[in-house]
Amino acid sequence: MANAKVSRRLFLVSTAGSLAAAGVVAAGCSSKPKEFTCTDEAGLSPADKTMRSTTKYVDKTPEPAKKCDGCLQYKAAAPGQCGGCNVIKGPIHPEGYCTLWAKKA
Ligand code: SF4
């Protein structure tokens, strides 16, 4: 009887370990791009913060055809990182938007 309990416990522990490992592998293999934010305003002047808010800058555009990475003013960074903008100071998300959006030529 004791051996049956030990075997059952070993089975449950090893199964749980295998499932956890599979979950880690599945999460690591996901093709979904890593999400990130570009909302850190630390170090910006009050005027720069006001500019971000008055132009309604957001990390996720409300207009799918108008994203910062398609804007004339966008300064691209490496994939998965915040870029910049020639007009709006601070980190800029490639999927972001503000009311100054202008189509890249
Ligand atoms: Fe994005 Fe506005 Fe800068 Fe264009 S002007 S890149 S829409 S923050």
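Read the numbers this way: they start at 1 and go in the same order the structure lists the ligands and their atoms. Any value given below was found using the heavy atoms of this structure, including those in side chains, with hydrogens, waters and symmetry copies removed. Start at 1 with the first residue, then count along the sequence.
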* To do: Mark up the atoms of ligand 1 that fall under 4.0 Å of a heavy atom belonging to Y74, in ascending order.
  => 6 (S)
* Asked: Counting only N and O atoms by type, is there a donor-acceptor contact under 3.5 Å from the side chain of T61 to the main-chain atoms of Y97?
  -> no
* Asked: Any donor and acceptor pair, going by atom type alone, linking the side chain of H93 with main-chain N or O of T39 inside 3.5 Å?
  -> no
* To do: Considering non-hydrogen atoms only, spot the tightest contact between Y57 and C68 and give its length.
  => CE1-SG, 4.1 Å
* Structure fact -> Numbered in order shown, the ligand 1 atoms found under 4.0 Å of a heavy atom of C85 are 3 (Fe), 5 (S), 6 (S), 8 (S)
* Per-atom contacts of ligand 1 with C71, taking only distances under 4.0 Å to non-hydrogen atoms -> 4 (Fe), 5 (S), 6 (S), 7 (S)
* Sidechain N-carboxylate O distance under 4.0 Å for E41, K49 -> no
* Measuring to atom 1 (Fe) of ligand 1, does C68 have an N/O/S atom at a distance below 2.8 Å? -> yes
* If you measure from each non-hydrogen atom of I88 to ligand 1, which part falls under 4.0 Å: side chain, backbone, both or neither? -> side chain
* To do: May I ask you to test the Q73-C85 pair for a side-chain heavy-atom distance under 4.5 Å?
  => yes
* Could you check atom 2 (Fe) of ligand 1 against the protein and tell me its nearest heavy-atom contact, residue, atom and distance included? => C98 SG, 2.3 Å
